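Comments concern the structure below.
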Protein chains: 2
Amino acid sequence: MRGIELDRYDYQILEALQRDARATHQKLAQEVPLSASQIGRRIQRLEESGIIQGYHIALRPDLLDLSVTAFASVSLERHGEASIREFAAAISDLPEVLECYAVAGEADYWLRIVVQDLPSLSRFVMNKLMTLSLVRSVKSTVALEPIKHTTRLPLQPPAR
Amino acid sequence: MRGIELDRYDYQILEALQRDARATHQKLAQEVPLSASQIGRRIQRLEESGIIQGYHIALRPDLLDLSVTAFASVSLERHGEASIREFAAAISDLPEVLECYAVAGEADYWLRIVVQDLPSLSRFVMNKLMTLSLVRSVKSTVALEPIKHTTRLPLQPPAR
DNA sequence: GGTGAAACACGCCGATG
DNA sequence: CATCGGCGTGTTTCACC
């Protein structure tokens, strides 16, 4: 699934936006050797192509009474395509689950969960996760401390 | 570490900004029963208090030649405070590592890694991760498919 | 790539409870 | 006295040339 062709300027724009998503076109024009109007047009193209998915706000969970981050490995009972879709839909409806990936190995899925405190985690795993009909087993681990958390991708600009 | 007191309007603003970080103050004023200028002032306060950490752009990794997401559990040789700080600093310098948490249990740290392809993953783990002096062992797993990925926190608005 | 008009953010004001 | 809405100014964006 390759998108449109990006040149070095597109990559420079993306790098700059990853650093500061609120930079104005004029500010970006100071870093990228293009005019502000060209930068605006390129950003629009990047948005339309889906490369730029959206603009998000980063909140500090600990200041909002969300002090527990946990991980869970989940194994399913069955592995048919319908089961997988059903599980995916159920996970999408759980706001406490911020990330979920299908993985190879011991478990089938891996989740990152954010909740208020340990009792909330317990309630969430017991009442919401394990009660999903397809779930066979859940193994959860509490995060002790966040070391790093970024949304910045390691972009590989073209050599040219 | 509790921050400033937030009322229901602050929560409504945060909810709305989590949905659309580029919403203008006027647009927000249509959802939250406050004037645009008040909303602007509250957002400023939320930024100053650190609750709003920043504004980010969400890029689609698969369209940018970053098709592999992997997870790694890392165990360290020693666990003194200096070792931990050294490891944290080293991880922060690795752009391929997007998330890292200290965890309780079998491993010491858990990482999420994004790279171009499987050979890149192999190179990264072998040459960059395992060569960190403090690392004793690394166990990595490749993500087969992303099911969910959001930055939206499950906010708990006050009852009042 | 540049230029205009419209929309926007932000600081200042008096009013309100 | 903290918080509010309205207004004016400088800035940004976007359609058009």
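Predicted, not measured: the structure shown is a model, and the values here were computed from it.
B:Glu81 meets the salt bridge (Lys or Arg N to Asp or Glu O under 4.0 Å) test with B:Arg85; sequence neighbours excluded. Considering only residues two or more places apart in sequence or on other chains, A:Asp117 meets the side chain to side chain donor-acceptor pair (under 3.5 Å) condition with A:Ser120. Not counting sequence neighbours, the partners of A:Ser35 by the side chain to side chain donor-acceptor pair (under 3.5 Å) test are A:Ser37.
Counting only residues at least two apart or on different chains, the side-chain hydrogen bond (donor to acceptor under 3.5 Å, both in side chains) pairs with a member in residues 40-54 of chain A are A:Asp7-A:Arg42, A:Asp10-A:Arg42, A:Glu47-A:Tyr55.
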Exercise for the section: Take nucleotides 2-17 of chain D nucleotide by nucleotide from the 5' end and write B, S or -, depending on whether a protein heavy atom sits under 4.0 Å from the base, only from the sugar-phosphate, or from neither. Expected result: --BBB-----SSS-B-
Would you give me the side-chain donor-acceptor pairs under 3.5 Å for residues 91-104 of chain A, sequence neighbours excluded?
residue  : atom : partner  : partner atom : Å
A:Ser92  : OG   : A:Ala88  : O            : 2.9
A:Glu96  : OE2  : A:Lys128 : NZ           : 3.1
A:Glu99  : OE1  : A:Tyr101 : OH           : 3.2
A:Glu99  : OE1  : B:Arg112 : NE           : 3.2
A:Glu99  : OE2  : A:Arg112 : NE           : 2.6
A:Glu99  : OE2  : A:Arg112 : NH2          : 3.0
A:Tyr101 : OH   : B:Arg112 : NH1          : 3.4
A:Tyr101 : OH   : B:His149 : ND1          : 2.8

